[in-house]
Amino acid sequence: GDSVTQTEGLVTVTEGLPVKLNCTYQTTYLTIAFFWYVQYLNEAPQVLLKSSTDNKRTEHQGFHATLHKSSSSFHLQKSSAQLSDSALYYCALLNTGNYKYVFGAGTRLKVIA
Amino acid sequence: EAAVTQSPRNKVAVTGGKVTLSCNQTNNHNNMYWYRQDTGHGLRLIHYSYGAGSTEKGDIPDGYKASRPSQENFSLILELATPSQTSVYFCASGDAGAANERLFFGHGTKLSVL
């Protein structure tokens with residue numbers, strides 16, 4: 001079946017410095033889409049980014065990600081982290097054959113002053 | 001903005017008891033999903049549905065049943081609750097096939113089984 005791997009459980013970064021959250025995946029399906037969801041404390045997860053196009057950079061709210069099918073990756077990056085970015089981030093894959101969303105284990109981002 | 005409402009927001013149940021978690025969406029989305037959230041495991045899919053009358057097993061369906069009596073409502077049922085089912089449960093809806101397809105989540109139900 002499909003799977004999504006987020007290797008870091010916790011990433012701590014100083015405000016103003018760049019941040020990268022890693023996401024790799026495994027799937028046997030050709031028609032797929034990828035997402036980053038963000039969950040702030042005591043809130044519901046909400047979509048941050050979406051992409052289904054290989055090698056195309058997608059940006060939103062200062063974050064960006066590029067889907068690389070050659071390396072099965074969809075890493076999330078930001079050039080300058082803000083205190084308000086502290087949250088739980090999920091990478092997810094949508095199999096458009098059966099419309100199942102598969103999530104990674106999540107990475108907690110902590111931005112410190 | 002799409003709206004997904006879960007009830008109750010908090011629930012304490014006894015081992016062996018029956019628990020029903022309810023979810024209502026006003027988005028007219030065909031697909032609905034139940035996930036549980038646990039530290040270290042992320043969001044894991046329990047059951048999902050393609051429309052009224054349809055339920056499908058997700059990745060961790062054991063110990064759970066689901067019911068989709070209408071387009072708007074999707075329930076998760078624990079017939080015999082166990083402490084291992086203590087978790088936060090999220091319901092979500094999605095507009096299958098839409099150009100901006102994505103999941104809209106409810107605010108979650110925190111379930112404690114004692």
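Letters go in sequence order (proteins before strands), and every chain restarts at 1.
The cluster map of Ile, Leu, Val, Met, Phe, Trp and Tyr, joined by side-chain heavy atoms under 4.5 Å apart, puts B:Ile46 and A:Val102 in different clusters. Hydrophobic clustering (ILVMFWY, side-chain heavy atoms < 4.5 Å, transitive): B:Leu21 and B:Val12 are in distinct clusters. The hydrophobic clustering, which links ILVMFWY residues whose side-chain heavy atoms are closer than 4.5 Å, places B:Val4 and B:Tyr35 apart. Two different hydrophobic clusters hold A:Phe35 and A:Tyr25 under the rule that ILVMFWY side chains link at heavy-atom gaps under 4.5 Å. Linking Ile, Leu, Val, Met, Phe, Trp and Tyr residues whenever their side-chain heavy atoms come within less than 4.5 Å leaves A:Ile112 and A:Leu88 in two separate clusters.
The most heavy-atom pairs under 4.5 Å with chain A, out of B:Thr39, B:Leu103, B:Asp59, B:Val88, come from B:Leu103. The candidate with the highest count of non-hydrogen atom pairs below 4.5 Å against chain B, out of A:Pro45, A:Gly106, A:Ser52, is A:Pro45.
Looking at A:Gln39, only its side chain comes within 4.5 Å of chain B, counting heavy atoms on both sides. Heavy-atom distances place the backbone of B:His41, and not its side chain, under 4.5 Å from chain A. Contact of B:Leu45 with chain A is made through the side chain alone, with heavy-atom distances under 4.5 Å.
The two residues B:Phe90 and A:Ala44 make their nearest non-hydrogen contact at CE2-CA, 4.2 Å.
Two residues are said to be in side-chain contact when any heavy atoms from C-beta on lie closer than 4.5 Å; B:Phe104 and A:Gln46 fail this criterion. Between A:Lys100 and B:Tyr48, the closest side-chain pair of non-hydrogen atoms falls below 4.5 Å. Annotation: side chain of A:Tyr90 is in contact with side chain of B:Gln37 (closest heavy-atom distance under 4.5 Å).
Put simply, NZ on A:Lys50 and CZ on B:Arg102 are 8.5 Å apart, with the number rounded to the nearest 0.5 Å. Taking OG1 of A:Thr96 as the start and CD of B:Glu101 as the end, the distance is 9.0 Å to the nearest 0.5 Å.
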What verdict does the side-chain contact (heavy atoms from CB on, under 4.5 Å) test give for B:Phe105 and A:Val47, after you've listed the backbone C-alpha separation in whole Å, the side-chain angles of each residue and the deciding distance to 0.1 Å? CA-CA 10 Å; B:Phe105 283 89; A:Val47 67; over 6 Å; no
Applying side-chain hydrogen bond (donor to acceptor under 3.5 Å, both in side chains), run through A:Tyr99 and B:Glu56 and close with a yes or a no. CA-CA 11 Å; A:Tyr99 283 95; B:Glu56 306 290 334; over 6 Å; no
Between B:Arg44 and A:Phe103, does the side-chain contact (heavy atoms from CB on, under 4.5 Å) criterion hold? Intermediate values first, please. CA-CA 7 Å; B:Arg44 292 182 290 173; A:Phe103 287 80; over 6 Å; no
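Ring centroid separation for the pair B:Tyr33 and A:Tyr101 comes in under the 6.0 Å cut-off.
Heavy-atom neighbours of B:Glu79 CD from other residues, nucleotides or ligands within 6.0 Å: above the threshold of 12.
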